[in-house]
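Take a look at the structure set out below.
Note that the structure is predicted; figures quoted are calculated from it, not measured. For reference, positions follow the sequence shown, starting with 1.
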Amino acid sequence: MRLARIQTDEGVETGEYVGEDNAGETGVVRVDGAEYTLGEDAELLAPCDPSALYCVGRNFAATLDQMDYDVPDEPDWFIKPPVSVRGPGAKVPYPSWTDELTYAGELAAVIDRECSNVSEQDVADVVRGYTILDDLDALDQPGRTARKAFDGSGPLGPWIETDVDPANLDMTTHVGSELRQESNTELMLFPPAKIISHLSEHYTFQPGDVVSFGSPANPGLVEPGETVEIWYEGVGILKHEIVEASD
């Protein structure tokens, strides 16, 4: 099932996405018997409202080789705040204070209930499903917080897929029509269950919190006017545009 969060005239609703468009640009969302047509009756929002986004880096060997990073002994993470979230189809302003904005197409889990100290065997019981994150990074800034934790740095969506195994999913990232990333989640150094369990030893997750699992090789520069399109097999397509800050 694809759980979609939408803005309607009545307010924010969550229901089941029904349609053939993997990016959610068309289709219907069913909420308690009512149907909302995207683009007419409703707008697709980010699929959850997290208190935090817990993002793991350095989780693909090819990325470590490309960036000349050491292999971590355990998951290596940082946190994006709620103001980083933007929904599918968003126009994300290019920050005026950086000259090196990069994309990174990541699979992400959405937590379903408050929890902590979750064993790897119990992770499936606390995960609502999976979505897609673009981990935007202002690469020329000092330190991870300055680089990654700014307004609009976490485009998220298009929905939460509740029926997918994250262990062996193909993925691609296109910028415009150019293929920039192509990989599979089986190449992760730390699998999703390991990461969620590890982080739950440090934090009490809240419903709607996001845990992302790192970017495959070839995260790279993106410029104003370019559209980023990230596909994960079985989940969907997260699509958003980078625009000038004044747009």
Under the criterion side-chain contact (heavy atoms from CB on, under 4.5 Å), I'd like the reasoning laid out for Leu139 against Arg147: C-alpha separation, chi angles, the key distance, then a yes or no.
CA-CA 6 Å; Leu139 201 61; Arg147 285 173 45 193; 3.6 Å; yes

Are Tyr54 and Phe205 close enough that their ring centers fall under 6.0 Å?
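Between Tyr54 and Phe205, the centre distance is under 6.0 Å.
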
Can you find a heavy atom in the side chain of [X] that is under 4.5 Å from one in the side chain of [Y]?
X      : Y      : answer
Arg180 : Leu221 : no
Cys55  : Leu133 : yes
Asn168 : Asn184 : yes
Thr37  : Val28  : yes
Cys48  : Leu3   : no

Minimum heavy-atom distance between [X] and [Y], given as atom pair plus value:
X      : Y      : answer
Ala52  : Asp209 : N-OD1, 3.4 Å
Phe213 : Ile195 : CD2-CD1, 3.7 Å
Gly208 : Arg128 : N-NH2, 3.7 Å
Lys80  : Ser84  : CB-OG, 3.5 Å
Pro50  : Pro82  : O-CG, 3.5 Å
Ser212 : Glu106 : OG-OE1, 2.8 Å

Is a side-chain donor or acceptor of [X] paired with a backbone partner of [Y] at a separation under 3.5 angstrom?
X      : Y      : answer
Gln141 : Trp97  : yes
Asp140 : Asp99  : yes
Thr204 : Cys115 : no
Ser153 : Lys148 : yes
Arg5   : Ala46  : yes
Tyr232 : Leu107 : yes
Thr131 : Trp159 : yes
Thr102 : Pro219 : no
Asn218 : Gln181 : no

Full working for side-chain contact (heavy atoms from CB on, under 4.5 Å) between Thr173 and Val228:
CA-CA 7 Å; Thr173 299; Val228 180; 4.2 Å; yes

Candidate pair Val56 and Met188, rule side-chain contact (heavy atoms from CB on, under 4.5 Å), full reasoning
CA-CA 11 Å; Val56 168; Met188 291 179 180; over 6 Å; no

Looking at [atom1] of [X] and [atom2] of [Y], how far apart are the two atoms once the value is rounded to the nearest 0.5 Å?
X      : Y      : atom1 : atom2 : value
Gln7   : Leu38  : CD    : CG    : 12.5 Å
Tyr103 : His174 : OH    : NE2   : 10.5 Å
Met171 : Thr185 : CE    : OG1   : 10.0 Å
Leu189 : Arg58  : CG    : CZ    : 12.0 Å
Thr26  : Leu44  : OG1   : CG    : 10.5 Å
Glu35  : Glu16  : CD    : CD    : 10.0 Å

Counting only heavy atoms not in Asn117, do more than 12 sit closer than 6.0 Å to its CG atom?
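Count over threshold, so yes.
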
State yes or no: do [X] and [Y] share one hydrophobic cluster built from I, L, V, M, F, W and Y residues joined by side-chain heavy-atom distances below 4.5 Å, directly or via other members?
X      : Y      : value
Val210 : Val123 : no
Val110 : Val127 : no
Val85  : Trp77  : no
Val211 : Phe78  : no
Leu199 : Ile79  : yes

Check ion pair Asp21-Lys239 (N to O, under 4.0 angstrom):
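The answer is no: the pair does not qualify as a salt bridge.
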
Check this for me, if you would: do Asp134 and Arg86 make a salt bridge, where the nitrogen-to-carboxylate-oxygen distance has to be below 4.0 angstrom?
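Arg86 and Asp134: not salt-bridged.
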
Candidate list Thr172, Leu169, Ile132, Leu238, test side chain to side chain contact (heavy atoms under 4.5 Å, CB included), partner Trp231, passing option
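Of the listed residues Thr172, Leu169, Ile132, Leu238, the side chain to side chain contact (heavy atoms under 4.5 Å, CB included) partner of Trp231 is Thr172.
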
Applying side-chain contact (heavy atoms from CB on, under 4.5 Å), run through Phe190 and His198 and close with a yes or a no.
CA-CA 10 Å; Phe190 302 103; His198 180 77; over 6 Å; no

